[in-house]
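Just so it is clear: chains get the letters A, B, ... in the order the sequence lines come, proteins before strands, and each one is counted from 1.
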Amino acid sequence: MSAPPNFIKYIIEADIAAGKNDGRVHTRFPPEPNGYLHIGHAKSICLNFGLAEEYNGLCNLRFDDTDPAKEEVEYVESIKSDVRWLGFDWDGRLYHASDYFEQLFEYAVQLIKKGKAYVDSLGSDEIREYRGTLTQAGKNSPYRERSIEENLDMFERMRAGEYEEGAHVLRAKIDMASPNMLMRDPTLYRIKKVPHYRTGGMWVIYPMYDFTHCLSDSIEGITHSNCTLEFENNRELYDWVLDQLEVYHPQQIEFARLNLNYTVLSKRKLIRLVEEGHVDGWDDPRLPTISGLRRRGYTPESIRNFCERIGVAKADSMVDIALLEYCIREQLNKISLRVMGVLRPLKIIIDNYPEEQVEELDAINNPEDPDMGTRKIPFSRELYIEQDDFMEEPPKKFFRLAPGREVRLRYAYFITCDEVVKDPATGAVTELHCSYDPQTRGGDAPDGRKVKGTLHWVSASHALDARVHLYEHLFLKENPNAVEEDKDFSDYLNPNSSETLKNCKVEPSLNAARPGDRYQFERLGYFSVDTKYNSPEYLIFNRIVTLRDTWAKILKAQQQKK
RNA sequence: UGGGGCGUAGCCAAGCGGCAAGGCACAGGGUUUUGGUCCCUGCAUUCGGAGGUUCGAAUCCUCCCGCCCCAGCCA
């Protein structure tokens, strides 16, 4: 029932045992609304909401919206719907850092009054120079010793809009020689004459992350503030601000962010893929965004299971995307309806089957779940099978159709291939003439003879037209972030990551398929009806993931031998 | 050359002084009207390395090596 142990749970359990925060557990998921959520965020969402659930606590959704230049309502709406879709509920505790702007301003004034913050009038380049380097101490700004009165006055004027952008900033007065760069008088407020998507033109100064985040956590009574590893250096500042202000002090805990191979999980890179048109929007099914995974056909449960399986720790890691694929197969195997669909059709004619005759055969909807029942599928003289299921000169271990060979058509009959018809110009196989054994109706031979292969098929005259999108890894390189000299991560994009098959044939029961419905196409994989595009003439499917394909492995091994 | 972190199998990851969980991947076998599912089996004499403490070390100590993060008026 409960997810596996991790170091954050141990911290929480120790805190509860010690009576810290009266045994309360209160977490938060604090996205900045400057992009769409991806599966890395899902890890954080599952962690924070999951912790709250497990320890009878609460988890807030808080937008960390302190940079009006980057943030938009479109993003907050998408984030809210993604969190909900994943199955989590902030239950009315939806907050925004921008809700706290007035309070934050007051805190800044307090800091100034304590002599712990000052208005600096150095330019940004100068501030950088004065900061020193990793190995050299910085030096104090000439404005560092302004009087409290002057600081107060100037900070009020900053707020009043009396200065231009960049003219002044409010800085914490800490230690320009600190070995931690973040403690060298970090900027607390900057002037930005940019309207905020929520506060409009109310403010022209905006607080920085380090000042905002810890205080927002404090205001909300957060007990355990979980963030990713790159914020470890910020913790000293997080603690400093809260200590100076003598306010309620949550605990920041850092864990490793998710990395997945064959894809990218950084907002900056995802934004580029979208804006440069490498993909079809934020919900492109090849993207690791929540909206992309949703459109691809992934279920929330499978993503939650994935997040549970990868664990939470402090070591930088790169998870194999095969685990994500395993998680969606695992669920879809249990719940999805089986149907037959032919992606690359090859026509076969059963010469000894009466013309005009049609039989309704029984097919099982889901062998994993007998309660899902059966359905009828039409069988007739002309059928389509998969091109891959026939080979004129079959290699070893090929169990499918070949000249003179007998196979089973699933739920139908045994058929034998009698004749191969080819295009005289190209030599390509255009159709097959076969004969069936009437005794094998349903798929078993009364004489007990066996066949090695079972093929999926569809009746030519009854089949529905469909278009199918096949997807592969977005990148060819396992780690597209490891860019070589003179290269860009986009150079590693897989040119074959998306393929559209326009001539597919699926069984007639699929006329009931609605956008978002998921099916297993037997022997092929799991597919979902696209939710973005549709056509009155044909169905559009996205391949979520293939089935495990042992034959493909054998083939690959055979080819490698040669 | 400053500071903060991290190193357990191909990939994740438990383990917190008593003698290496689990999952994915991979390999073999069984069942099978999906080359799917399911079921067995195998897969670290060893925990980045070297010393030390101890009856006993992945766990404690010392040194070394490797990787990640920090010099935004981004978060």
Of all the choices, A13(B), C70(B), G36(B), which nucleotide is nearest to the side chain of M181(A) once you look at every atom?
-> C70(B)
Kindly compute the distance separating CD (E13(A)) from CD1 (I8(A)), expressed to the nearest 0.5 Å.
-> 12.0 Å
Provide the distance between the two C1' atoms, one in A14(B) and one in U53(B), to the nearest whole Å.
-> 27 Å
So which of F101(A), F211(A), Y189(A), Y100(A) actually passes ring pair (Phe, Tyr, Trp, His ring centres under 6.0 Å) with Y206(A)?
-> F101(A)
Spell out yes or no: do the side chain of Q520(A) and the base of U34(B) have one donor N/O and one acceptor N/O closer than 3.5 Å?
-> yes
How many Å lie between CZ on R309(A) and P on C24(B), as a whole number?
-> 7 Å
Assign R400(A) to base, sugar-phosphate, or nothing according to its heavy-atom contacts below 4.0 angstrom with the strands shown.
-> base
Looking across every strand, which nucleic acid part, if any, lies under 4.0 Å from G123(A) by heavy atom: base, sugar-phosphate, or nothing?
-> base
Looking only at atom C1', what distance separates C6(B) and G72(B), rounded to whole Å?
-> 26 Å
Taking atom C1' in both C47(B) and A13(B), what distance in whole Å separates the two?
-> 13 Å
Determine the contact category for L122(A): base if any of its heavy atoms lies under 4.0 Å from a base atom, sugar-phosphate if only primed atoms, P, OP1 or OP2 are that close, otherwise nothing.
-> base
Please figure out whether Y411(A) or I310(A) has its closest RNA chain B nucleotide nearer the 5' end.
-> I310(A)
Examine Y118(A) together with Y143(A) and report whether their ring centres are nearer than 6.0 Å.
-> no
Using modelled atom types only, decide if a donor and an acceptor are shared between the side chain of E507(A) and the backbone of M340(A) within a distance under 3.5 Å.
-> yes
Measure the spacing between NZ of K269(A) and CZ of F475(A) and express it to the nearest 0.5 Å.
-> 8.5 Å
Enter syn or anti for the glycosidic conformation of G5(B), syn applying to angles within 90° of 0.
-> anti
What about the rings of W457(A) and F379(A), do their centers lie closer together than 6.0 Å?
-> yes
What distance, rounded to whole Å, do you find between the two C1' atoms, one in G5(B) and one in G48(B)?
-> 16 Å
Give one of base, sugar-phosphate or nothing for M340(A), where a contact means two heavy atoms less than 4.0 Å apart.
-> nothing
The side chain of R523(A) lies closest to which of these nucleotides: U34(B), A75(B), C74(B)?
-> U34(B)
How long is the span from the CZ atom in R548(A) to the OH atom in Y326(A), to the nearest 0.5 Å?
-> 10.0 Å
Test salt bridge (charged side-chain N to carboxylate O under 4.0 Å, His left out) applied to R523(A) and D388(A), D389(A), D549(A), the passing residue | D389(A)
Does the side chain of R131(A) get closer than 4.0 angstrom to OP1 or OP2 of G2(B) through an N or O atom?
-> no
Mind checking which stems touch RNA chain B? I mean at least 3 consecutive Watson-Crick or G-U pairs, both distances under 3.5 Å.
-> B:2-7 with B:65-70, B:10-12 with B:22-24, B:26-30 with B:38-42, B:48-52 with B:60-64
Please state whether the phosphate of G36(B), meaning OP1 or OP2, lies under 4.0 angstrom from any side-chain nitrogen or oxygen of R338(A).
-> no
How are the rings of F521(A) and F541(A) set relative to one another: parallel (under 30°), tilted (30 to 60°) or perpendicular (over 60°)?
-> perpendicular
How would you label the contact of N34(A) with the nucleic acid (heavy atoms, under 4.0 Å): base, sugar-phosphate, or nothing?
-> nothing
Checking all strands, does I554(A) fall into the base, sugar-phosphate, or nothing category for heavy-atom contacts under 4.0 angstrom?
-> base
Rounding to the closest angstrom, what is the interatomic distance between U45(B) and U1(B) at atom C1'?
-> 42 Å
Between C24(B) and C60(B), how far is it from one P atom to the other, in whole Å?
-> 31 Å
Separation of the P atoms in C26(B) and U37(B), to the nearest angstrom | 11 Å
Using the C1' atoms only, state how far A44(B) lies from C38(B), rounded to an integer number of Å.
-> 28 Å
Which nucleotide in the list G4(B), A75(B), A14(B) gets nearest to the side chain of E232(A)?
-> G4(B)
State which of G3(B), U34(B), A75(B) makes the closest approach to the side chain of P179(A).
-> G3(B)
Between L229(A) and D316(A), what is the shortest heavy-atom contact and its length?
-> CD2-OD1, 3.8 Å
L134(A) side chain: which of A75(B), C70(B), U34(B) is closest?
-> C70(B)
Where along nucleotides 37-44 of chain B does protein come under 4.0 Å, by heavy atom, of base (B) or sugar-phosphate alone (S), with - for untouched nucleotides?
-> B-------
Pick base, sugar-phosphate or nothing for S178(A), based on heavy-atom distances below 4.0 Å to the nucleic acid.
-> nothing
Quick one: label K192(A) by what it contacts on the DNA or RNA (base, sugar-phosphate, nothing), any heavy atom closer than 4.0 Å.
-> sugar-phosphate
Proximity to the side chain of A315(A) - top-ranked nucleotide from A75(B), G7(B), C70(B) | G7(B)
Do the side-chain N and O atoms of D217(A) and Y238(A) include a donor-acceptor pair separated by under 3.5 angstrom?
-> yes
Pick base, sugar-phosphate or nothing for Y206(A), based on heavy-atom distances below 4.0 Å to the nucleic acid.
-> nothing
Hey, does R128(A) reach any base, or is it just sugar-phosphate, or nothing, if we go heavy atoms under 4.0 Å?
-> sugar-phosphate
Less than 3.5 Å between a donor and an acceptor, one on the side chain of N233(A) and one on the base of G5(B), is that the case here?
-> no
In Å, rounded to the nearest 0.5 Å, how long is the span from CD1 of I205(A) to CD of E156(A)?
-> 8.5 Å
Stacking check: are the rings of W551(A) and G35(B) less than 5.5 Å apart at their centres and under 30 degrees in tilt?
-> yes
Assign K553(A) to base, sugar-phosphate, or nothing according to its heavy-atom contacts below 4.0 angstrom with the strands shown.
-> sugar-phosphate
Looking at the side chain of D316(A), which of A14(B), G72(B), C68(B) is the nearest nucleotide?
-> C68(B)
Base, sugar-phosphate alone, or nothing: which one does F398(A) contact when heavy atoms must sit under 4.0 Å apart?
-> base
Side-chain H-bond candidate by donor/acceptor type, Q520(A) with E522(A), under 3.5 Å = no
When the aromatic ring centroids of Y75(A) and Y36(A) are compared, is their separation below 6.0 Å?
-> yes
Hey, does P367(A) reach any base, or is it just sugar-phosphate, or nothing, if we go heavy atoms under 4.0 Å?
-> base
Short N/O separations, protein against nucleotides 9-11 of chain B, under 3.5 angstrom:
from: C11(B); atom 1: O3'; to: M318(A); atom 2: O; distance (Å): 3.0
from: C11(B); atom 1: O2'; to: M318(A); atom 2: O; distance (Å): 2.8
from: C11(B); atom 1: O2'; to: D320(A); atom 2: N; distance (Å): 3.3

Should the heavy atoms of other residues, nucleotides or ligands under 6.0 Å from CD of E360(A) be counted, would the total exceed 12?
-> yes
Map L229(A) and V312(A) onto RNA chain B by nearest heavy atom, then report which one ends up closer to the 5' terminus.
-> L229(A)
Counting any heavy atom closer than 4.0 Å, what does L524(A) reach on the DNA or RNA strands: base, sugar-phosphate only, or nothing?
-> nothing
Among the nucleotides A75(B), U34(B), C24(B), whichever has the atom closest to the side chain of L323(A) is C24(B)
